[in-house]
Amino acid sequence: MSIFLAFVAVTMFVVIRASKNNKSAADYYTGGRSFTGSQNGMAIAGDYLSAASFLGITGAIALSGYDGFLYSIGFLVAWLVALLLVAELMRNTGKFTMADVLSFRLHQRPVRLAAAISTLVVCFFYLLAQMAGAGGLVSLLLGISDKLGQSLVVAVVGVLMVVYVLVGGMKGTTWVQIIKAGLLIAGAAIMTVWVLALNGFDLSHLLAQAQQISTTLPEKAYDALVPGHKYGANPLDFISLGLALVLGTAGLPHVLMRFYTVPTAKEARKSVVWAIWLIGIFYLFTLVLGFGALVLVGPDAIAKAPGGVNSAAPLLALHLGGPILMGIVSAIAFATILAVVAGLTITAATSFAHDIYANVIKRGTVTPNAEVKIARRTVLVIGFLAIAGGIGVQGQNIAFLVALAFAVAASANLPTIIYSLYWRGFRTRGALWSMYGGLASSIILIALSPVVSGTPTSMIPDANFAIFPLNNPGIVSIPLAFALGILGSILPGGKKENSWIAAEMDVRSLTGHGAEKEVHH
């Protein structure tokens, strides 16, 4: 507990120091674009390596072997899509939010509204996952297994995150993310080396033990090194999950916003290269940690602990280094949750204040200070919703909840981002059809899937309205959103777009010319 409290105190100090420089709206939203590529790369890694990556994936590998590692691969490959297709172009075209890019050459108000709504929905799904993780983690530390105690923990996390964002803005949030990324990667590295040392630095020895334990389990014996334990019954579900993970990253609003915190396009590229290295190394560690937890802690002990699947990493730390290492690892995981949640909250608040309030309701007649005030009020509302939702989804696997957020991001945001950047013939109607269609179809399919009802592990286990057979909607909703974008743009009728602005966007997204001017204003 003391390690844990020390950590919160240090990060609070950093946030308060960083907040002293918040003078303008650009400072609050993008940290005044004052971060270098390597710092921003650390922060992106901090934003991206969420509780799902650390707790959820380690648990998924410990309990389902090979199939759990597919999350790691999906999350990593997704980065290449973000780097090659959107990172630099987004940085050159936008100012504060994803909607800035999407509405650049289309009709401002309807497109901004749609982009802001989808941003808020994706952030909300992602927040749910982090809050569920926080509840499980702290209850494991304190040994609280009753619902009320866990709910109180979720509420405390929510309050802390609101304070971080209100005080620090993007600068404070970024510094928390940089510190946390360093700690998380260092902590995972120490545990990985430790597990390998116990196996004589022989990875095949560790894998052979994992195989032996998993094939002799009393209840559900399976082979941890063979694919198909979790997705074997339904390969379509696996393809759907893969699509959502690989395409979702390039549509995640809180990751896209990080590209605006650097001063030039070159630094934006550099930050993605840093992020890929850090994230790639971390996901290699999860392989050793997951199988290490399977061998050293055992699947039964993990499944029965408070926090269930998500407790694999802290329990492995307890096995290796006793309560001290467990305290350190849990503090790092908690920091992970706080940093990611703060990043999500500031993204959602910025999107509401900058896109919906300033540009749709007030039609751009708001002073930047008034806009930041609204953003701060929005933070309070989001904090409340996140606490309520987090209490509702306790006990679900976090990696899985995050995969749902990715499915919504890939369906609602990615097609419009790709078309806006690469297709001259794209029209406002296509953008609206694609965003609302992708958003609605992914959410309706999630609601009608076994995730929500129909099985003992569903969110509402007693009801059954699961008409859609797959756990992840990506395979239906992503192609549908791409198709709607094309249909809305090529069918006759609808307003013509201004070809001059489209040409300006082409030049600007490819060269960055014009983006720097706005920064200095």
Side-chain angles (χ1 to χ4, degrees), residues 51-52 55-56 59-60 63-64 67-68 70-71 117-118 120-136 145-148 150-151 154 219-220 228-245 248 303-304 306-310 385-412 436-481:
L55 304 175
L63 294 187
S64 37
D67 286 14
L70 294 168
Y71 278 108
I117 289 172
S118 85
L120 292 169
V121 172
V122 173
C123 286
F124 181 68
F125 268 105
Y126 214 100
L127 269 171
L128 284 188
Q130 305 306 320
M131 299 304 261
S145 50
D146 65 299
K147 264 284 161 71
L148 179 70
Q150 291 196 0
S151 305
V154 169
E219 290 163 11
K220 291 185 183 164
H229 168 57
K230 192 163 180 191
Y231 300 107
N234 199 343
L236 267 183
D237 213 359
F238 168 61
I239 295 170
S240 192
L241 172 74
L243 266 176
L245 294 181
K304 287 178 184 144
V309 187
N310 306 321
L385 289 174
I387 291 168
I391 291 170
V393 294
Q394 275 167 29
Q396 298 277 335
N397 179 346
I398 326 178
F400 172 69
L401 285 170
V402 167
L404 295 183
F406 272 67
V408 177
S411 317
Y436 286 128
L439 190 62
S441 62
S442 55
I443 288 177
I444 291 167
L445 291 176
I446 288 172
L448 298 177
S449 75
V451 179
V452 176
S453 69
T455 68
T457 54
S458 301
M459 287 181 187
I460 315 170
D462 309 332
N464 185 2
F465 43 86
I467 309 164
F468 183 66
L470 307 181
N471 282 328
N472 197 301
I475 196 165
V476 178
S477 58
I478 299 169
L480 176 72

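Scanning both residues, Asp67 and Gly228, for their nearest heavy atoms gives OD1-N, 2.9 Å. Across Leu127 and Ala386, no two heavy atoms sit closer than the pair CD1-CB, 4.0 Å. For Ala481 against Gly438, the heavy-atom pair with the smallest separation is CB-CA, 3.9 Å.
For Ser240, there are no side chain to side chain donor-acceptor pair (under 3.5 Å) partners two or more places apart in sequence or in a different chain. Every residue two or more places apart in sequence or in another chain was checked for a side chain to side chain donor-acceptor pair (under 3.5 Å) with Ser64, and none qualifies. Under the ring-ring contact (aromatic ring centres under 6.0 Å, His included) criterion, Phe406 pairs with Phe75, sequence neighbours left out. Every residue two or more places apart in sequence or in another chain was checked for a ring-ring contact (aromatic ring centres under 6.0 Å, His included) with Phe468, and none qualifies. In this structure, the side chain to side chain contact (heavy atoms under 4.5 Å, CB included) partners of Ile478, at least two apart in sequence or on a different chain, are Leu243, Leu247, Ala410, Ser411, Phe482. Under the rule for a side chain to side chain contact (heavy atoms under 4.5 Å, CB included), the partners of Leu128 that lie at least two apart in sequence or sit in another chain are Phe124, Val393. Residues satisfying the side chain to side chain contact (heavy atoms under 4.5 Å, CB included) criterion with Leu439, sequence neighbours excluded, are Ile117, Ser118, Val121, Val408, Ala412, Ile443.
Considering CG of Leu448 and CG of Leu470, their distance stands at 12.0 Å, rounded to 0.5 Å.
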Taking only distance into account, with no hydrogens and no angle test, what donor-acceptor pairs under 3.5 Å do side-chain atoms of residues 129-136 form with protein atoms, sequence neighbours excluded?
residue	atom	partner	partner atom	Å
Gln130	OE1	Ala51	N	3.3

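Under the side-chain contact (heavy atoms from CB on, under 4.5 Å) test applied with Leu445, the options Val476, Leu480, Val451 reduce to a single match, Val476.
Listed by first and then second residue, the side chain to side chain donor-acceptor pair (under 3.5 Å) pairs involving residues 459-475 are Asp237-Asn471 (not counting sequence neighbours).
Ser442 places no side-chain N or O within 3.5 Å of a backbone atom of Ala407 that could act as its donor or acceptor partner.
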